[in-house]
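Structure record follows, encoded as structure tokens.
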Amino acid sequence: MADEEKLRQYLKKATGELQRTARKLQEAELRDSEPIAIVGMSCRFPPDLRSAEDLWRFVSGEGDGISAFPEDRGWGTVSVPGGAGATPEPSARQGGFVAGADRFDAEFFGIGENEALAMDPQQRLLLETAWEAVEHAGLDPAGLRGTLTGVYAGLSYCHYAGGPQAALPAGVEDQLIVGGAPSTASGRVSYVLGLRGPAISIDTACSSSLVAMHLACQGLRRGDCELALAGGVTIMATPDVILEFGRRGALAADGRCKPFASAADGMGFGEGAGLLVLERLSEARRNGRSVLAVIRGSAVNQDGATNGMTSPSRAAQEAVIRQALASAGLTPDQVDAVEGHGTGTPLGDSIEAEALIATYGENRPAGRPLRLGSVKSNIGHTQTASGVASVIKTVMSMRAGTHPRTLHIDRPSGYVDWSDGTVELTTESVPWAAAGRPPRAGGGAGGVSGPHPPPLPGAAAAAGGPGPPPPRRRVCPLGPRAGPPPPRGGAGARPPPPHGGRACPPSVSAAPTRT
């Protein structure tokens, strides 16, 4: 009898241990697949868009942000040499440029004059958009000091520190190494805000900001950080990338992207910066955040060997879309729209569209095609900031219940078979189809020999939830202010400087590089 009692006690203990182990495994599985909440957003995009609300008003109003070269960067007169395949010069003198990229309120961030002058303009914009994104989330940036907050920033070429120093005052050149280092871009945000989470700078070319979000979501789920800033930035310190692509005949004649269109004739380059504040959904709810949307899943892959380093693979794109859908726990017919890469190149756009039709076209209900568009038709191809631009546009579109028109589409590309009607270009503004559930969308971006698009299927905050937050305070103006400044931050915020930001030249010449 004693042995039987011992056996019963042993089995009871073992059963309890098994139950506890099962609970822990279930909790780990739920944590690994938990949706990530977008609780704050900030941006700078052409021509002078300074918030997610600005971007939405511009896109929904069918704004066109493409213009001639800016006059405040010292680029002077540039031209594209002639030769076989050269693009006519006017296309190489157009783009989407961020206004006031040479302005920075260094004193507000506690940065000295020479250090500010040595900083790549991309670092300056990341600082400003980081502060504004945190405030947009309803948080005090000064209150994040010492917290496990991560910074995941996408950026590519850094021309600012590579050219002659004649344009900068004496004494500045000693700080150019740090001021122009890509690794410093994320690290500077962490340093200035006192953040203790990962600080990672990412270069996968034009997919960089979406890869940054992908890694940030992984970091949040694994516990590497409790809050994350994720996005990307591109500011062209020189016109070299535009001129080089112009020489290669890769630019649109009018400098405008015509996504998935028959008239597509090349890219139109742009600039921008955007950051999202991300948090695990359970924590966002516990902390009372206003959830703007959630990221349910994502994926990243590579083309492998294709016809060339810059040639995309339809098979790889189909594979990564299916991986992202599986990560999100969704079927293709449960996604309503995709914000495409859509740069306006006939080859790249046709491969992307065919991959979307092959995947999202499966088992779609009649009369509910996948809506396809691209914000690049409004602001140009903003390169390492293009993915975050797409996400911000998509979040605002879901919350407004409207698919905005994609510009410059004469008719759908003749290189794509659109005949089954499962995917349609959004050539006119249309309401989001009611589906008895929150709206869902995907997005993607590809890079030159970089990962293929990490689509981000997401769901907006539930109907009846909190609406978009009120317009946030502009805490770091890029230019002189008129009248008294608006109030800054919360407790612990630095007082505003008594004057506007000093001009920090964003341009010194450098050798051409790839994008």
Side-chain angles (χ1 to χ4, degrees), residues 36-61 63 65 96 98 125-126 128-130 132-137 152-154 206-214 216-217 228-234 270-278 290-295 298 337-342 373-404 406 426 432 439-445 453-461 467-469 471-472:
I36 301 300
I38 300 173
V39 298
M41 303 188 294
S42 67
C43 65
R44 296 280 195 281
F45 288 113
D48 192 18
L49 310 179
R50 297 172 177 270
S51 69
E53 292 77 17
D54 280 356
L55 178 63
W56 176 245
R57 282 190 289 268
F58 190 72
V59 170
S60 60
V98 172
L125 276 186
L126 278 178
E128 293 169 346
T129 51
E132 294 170 0
V134 171
E135 286 207 326
H136 194 248
Y152 300 80
C206 304
S207 61
S208 296
S209 58
L210 285 190
V211 174
M213 292 177 216
H214 175 76
C217 290
L229 288 160
V233 60
T234 289
E271 303 175 326
L275 285 175
L276 309 180
V277 181
L278 304 177
S290 177
V291 177
L292 305 176
V294 299
I295 299 172
S298 60
V338 162
E339 180 67 11
H341 191 48
S374 175
V375 72
K376 293 178 181 65
S377 71
N378 302 95
I379 59 176
H381 181 8
T382 55
Q383 303 167 80
T384 48
S386 61
V388 70
S390 296
V391 171
I392 293 173
K393 172 198 167 182
T394 300
V395 171
M396 299 303 288
S397 170
M398 288 192 294
R399 298 185 70 84
T402 301
H403 299 282
T406 296
T426 309
W432 210 287
R440 297 191 182 112
L456 304 168
R472 67 181 188 285

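Start at 1 with the first residue, then count along the sequence. In this text, all values refer to a predicted model and were calculated from it rather than measured experimentally.
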Lys/Arg-Asp/Glu bridge criterion (N-O < 4.0 Å) met for R44, E132: yes
Got a sec, which residues hit side chain to side chain contact (heavy atoms under 4.5 Å, CB included) with A212, two or more places apart in sequence or on another chain? Y152, I202
Results of side chain to side chain contact (heavy atoms under 4.5 Å, CB included) for D54 - residues two or more places apart only: L49, R50, S51, R57
For [X] versus [Y], what's the shortest heavy-atom pair and its separation?
X	Y	result
A385	A273	CB-N, 4.1 Å
M213	L276	SD-CD1, 3.6 Å
K393	V59	CE-CG1, 4.1 Å
S60	P404	CA-CB, 4.3 Å
S209	V388	OG-N, 2.9 Å
A445	L210	N-CD1, 3.6 Å

Partner of [X] under side chain to side chain contact (heavy atoms under 4.5 Å, CB included), chosen from [options]:
X	options	value
M41	L55, L292, T129	L292
V375	S397, S390, S386	S390
S42	L229, V277, V134, L275	L275

Just to verify, what does W432 make a ring-ring contact (aromatic ring centres under 6.0 Å, His included) with, not counting sequence neighbours? H403
Please walk me through it: do V294 and I38 pass side chain to side chain contact (heavy atoms under 4.5 Å, CB included)? CA-CA 6 Å; V294 299; I38 300 173; over 6 Å; no
Side chain of E271, backbone of F45: donor and acceptor closer than 3.5 Å? no
Could you check if a side-chain atom of E53 sits within less than 4.5 angstrom of a side-chain atom of M396, using non-hydrogen atoms only? yes
Test side-chain hydrogen bond (donor to acceptor under 3.5 Å, both in side chains) on S374 and T406 and set out the steps. CA-CA 6 Å; S374 175; T406 296; over 6 Å; no
T382 side chain to T234 side chain, donor-acceptor N/O pair below 3.5 angstrom: no
